[in-house]
Amino acid sequence: MISPTELVTGFATVALDTMRDDTIGWIILVCGFFGSLIALLIKTGSAVAFSDYMAHFVKSRRSSLVVTWILGLIIFIDDYLNALAISSSMKKVTDKFKVSREMLSYIVDSTAAPICVLVPFSTWAIFFAGLLEDNGIADKGEGLAVYIESIPYMFYAWVAAIIVPLVAMGKFPLLGAMKKAELRAQGGEVIPPGATEIDLTVATGESLSSARTKPALHNFFIPIVSLIFFTWYFDVDILMGVIVALAITMLLYMSQRMLTFNEIFDTGMEGFKSMMVPLGTVVAGFMLKDVNDDLGLTLYIINTVKPLMTADLLPVMVFLVMALIAFATGTFWGMLAVALPIVMPLAIAMDANLPLVIGALMSAAAFGSHACFYGDSTVLSAQGSGCTPMQHALTQLPYALLAAAVASVLFYVAA
């Protein structure tokens, strides 16, 4: 559209300019190293070891679901790790108390993306903090601080996370397809028709038995505590934190001979590679942002919408429109990369509450990841739990829509 006769050279120029961006380099390193850390935690069974330990406290159906929810709150650094590790380690426990696999998948998925956006030490927070800096909404190095300031306003994530323990404890009614699934499970059929058993595998495609020693609890706690401590130690620089945590994790596992030297680095590399698909979306989103800037799209949207919109309506409209886009397209990080450079200048021009608008954007992304039938965390939660993605999505959807409705009211009231 800008210069049709220079399509190839124009594309190459934009791509190179994007890859030279310091923020892009930072995001690639942080998310890649996070992938390496997650792969090591799964490969050695350290994440599952913690889940297995928590399973000892389960004495009833209610406690099995509450423990699953608590694990989701604790394993917060990535929704992939959350979805795979918890569902795979808890399904044998919940089966014992006749909990449907759909219910297990709902509990797991509802503590994946919704919790990950609320915790500043997660891949979601890292990504969006980088977007805030790159788009000039936050100063260099201040992206995470601005993100933290917006956490109280991420209403969808809060509401979705609050509904889960109420459902787990039987304080909230079973809705729609979930009620049918639970009735079937109480009759002894916990696994839905058409579902297949899926065991937890690591990025290399091997089972957890490849670890040479049985993992202990400290093999999970030391990497996680190191990640949090050193991130704060280096002035809330999560790149520094994940580098140190990854180094400590490698040394910890090698010293116990859980994996060989080669296996440690092969697993780390596979974990880094596993982040290439979302990172590809990030790079493409930044490229599209540059093209949109050249087209003058942001200014056009502001001039078109501003006469029709008020600062009071902006947060709830941002949430509803972007949530619909995320749900329909299955693009969450990509939606944020495209929407932020349009929405935030509009919010600034209208003198809207910026943390509230940021909260609306993150809530929309969390809803999309949570509710989309073919979203990554939806698929992983379903596969790990032992039901099909469609069975999981249909049983979860009423709760997601209810949380979205409540969040919409909160956005309007807060504005």
Side-chain angles (χ1 to χ4, degrees), residues 27-54 71-72 74-90 112 116 119 121-127 198-231 233-234 238-279 376-377 380 383-384:
I27 292 175
I28 290 173
L29 288 176
V30 171
C31 289
F33 288 141
F34 252 106
S36 298
L37 181 62
I38 292 165
L40 285 170
L41 288 171
I42 296 177
K43 176 79 170 183
T44 59
S46 299
V48 177
F50 178 73
S51 301
D52 290 343
Y53 172 76
M54 291 294 292
L71 289 175
I74 296 172
I75 304 179
F76 56 75
I77 61 175
D78 185 77
D79 50 345
Y80 285 13
L81 173 61
N82 189 315
L84 284 173
I86 298 174
S87 59
S88 297
S89 61
M90 288 301 294
C116 284
V119 178
F121 300 101
S122 69
T123 47
W124 283 74
I126 297 161
F127 167 70
I198 301 173
D199 293 324
L200 179 62
T201 57
V202 297
T204 56
E206 300 171 6
S207 67
L208 294 174
S209 60
S210 60
R212 285 165 176 72
T213 59
K214 187 176 181 179
L217 283 175
H218 67 267
N219 290 322
F220 174 82
F221 277 116
I222 291 176
I224 299 301
V225 172
S226 298
L227 173 66
I228 296 173
F229 173 78
F230 284 104
T231 297
Y233 179 81
F234 288 104
I238 204 158
L239 175 58
M240 300 296 185
V242 73
I243 288 173
V244 177
L246 184 58
I248 290 173
T249 302
M250 288 179 167
L251 293 173
L252 178 68
Y253 294 165
M254 281 192 289
S255 67
Q256 299 174 76
R257 297 189 177 182
M258 297 179 71
L259 299 171
T260 66
F261 181 85
N262 286 340
E263 286 173 332
I264 286 282
F265 282 91
D266 286 345
T267 302
M269 184 60 68
E270 290 297 328
F272 199 107
K273 286 160 58 179
S274 71
M275 299 300 291
M276 287 298 105
V277 172
L279 285 173
D376 46 12
S377 66
L380 291 174
Q383 289 181 335

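In this structure, the side chains of T44 and N219 stay at 4.5 Å or more apart for every pair of heavy atoms. T260 has its side chain out of reach of M254: every pair of non-hydrogen atoms, C-beta onward, lies at least 4.5 Å apart.
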>> Assess the residue pair V244 and F234 against the criterion (side chain to side chain contact (heavy atoms under 4.5 Å, CB included)); give the C-alpha distance rounded to whole Å, side-chain angles, the decisive distance to 0.1 Å, and a yes or no.
In response: CA-CA 10 Å; V244 177; F234 288 104; 4.0 Å; yes
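The shortest non-hydrogen separation linking F272 to I28 is CZ-O, 3.9 Å. P223 and H218 get closest at one heavy-atom pair: CD-O, 4.0 Å. Nearest heavy atoms, G271 versus A39: CA-CB, 3.7 Å. The two residues G268 and S36 come nearest to each other via the heavy atoms O-OG, 2.6 Å. Between F34 and V242, the closest heavy-atom pair is N-CG2, 3.9 Å.
Rounding to the nearest 0.5 Å gives a distance of 12.5 Å between CD of E263 and CD of E270. One distance of note links NZ of K43 with CG of L259; it measures 6.5 Å at 0.5 Å rounding. In this structure, CD1 in I222 is found 13.5 Å from CG in L227, a value given to the nearest 0.5 Å. Atom OH of Y253 and atom OG1 of T267 lie 11.0 Å apart (nearest 0.5 Å). Atoms CD1 and CG, from I248 and L37 in turn, are 10.5 Å apart once rounded to the nearest 0.5 Å. The line from CD1 of I243 to CG of L29 is 7.0 Å long, rounded to the nearest 0.5 Å.
No more than 12 heavy atoms of other residues, nucleotides or ligands lie within 6.0 Å of CE in M269, so this atom counts as exposed by the packing criterion.
Aromatic ring pairs are classed by plane angle as parallel below 30°, tilted from 30° to 60° and perpendicular above 60°; the pair F265 and F261 is tilted.
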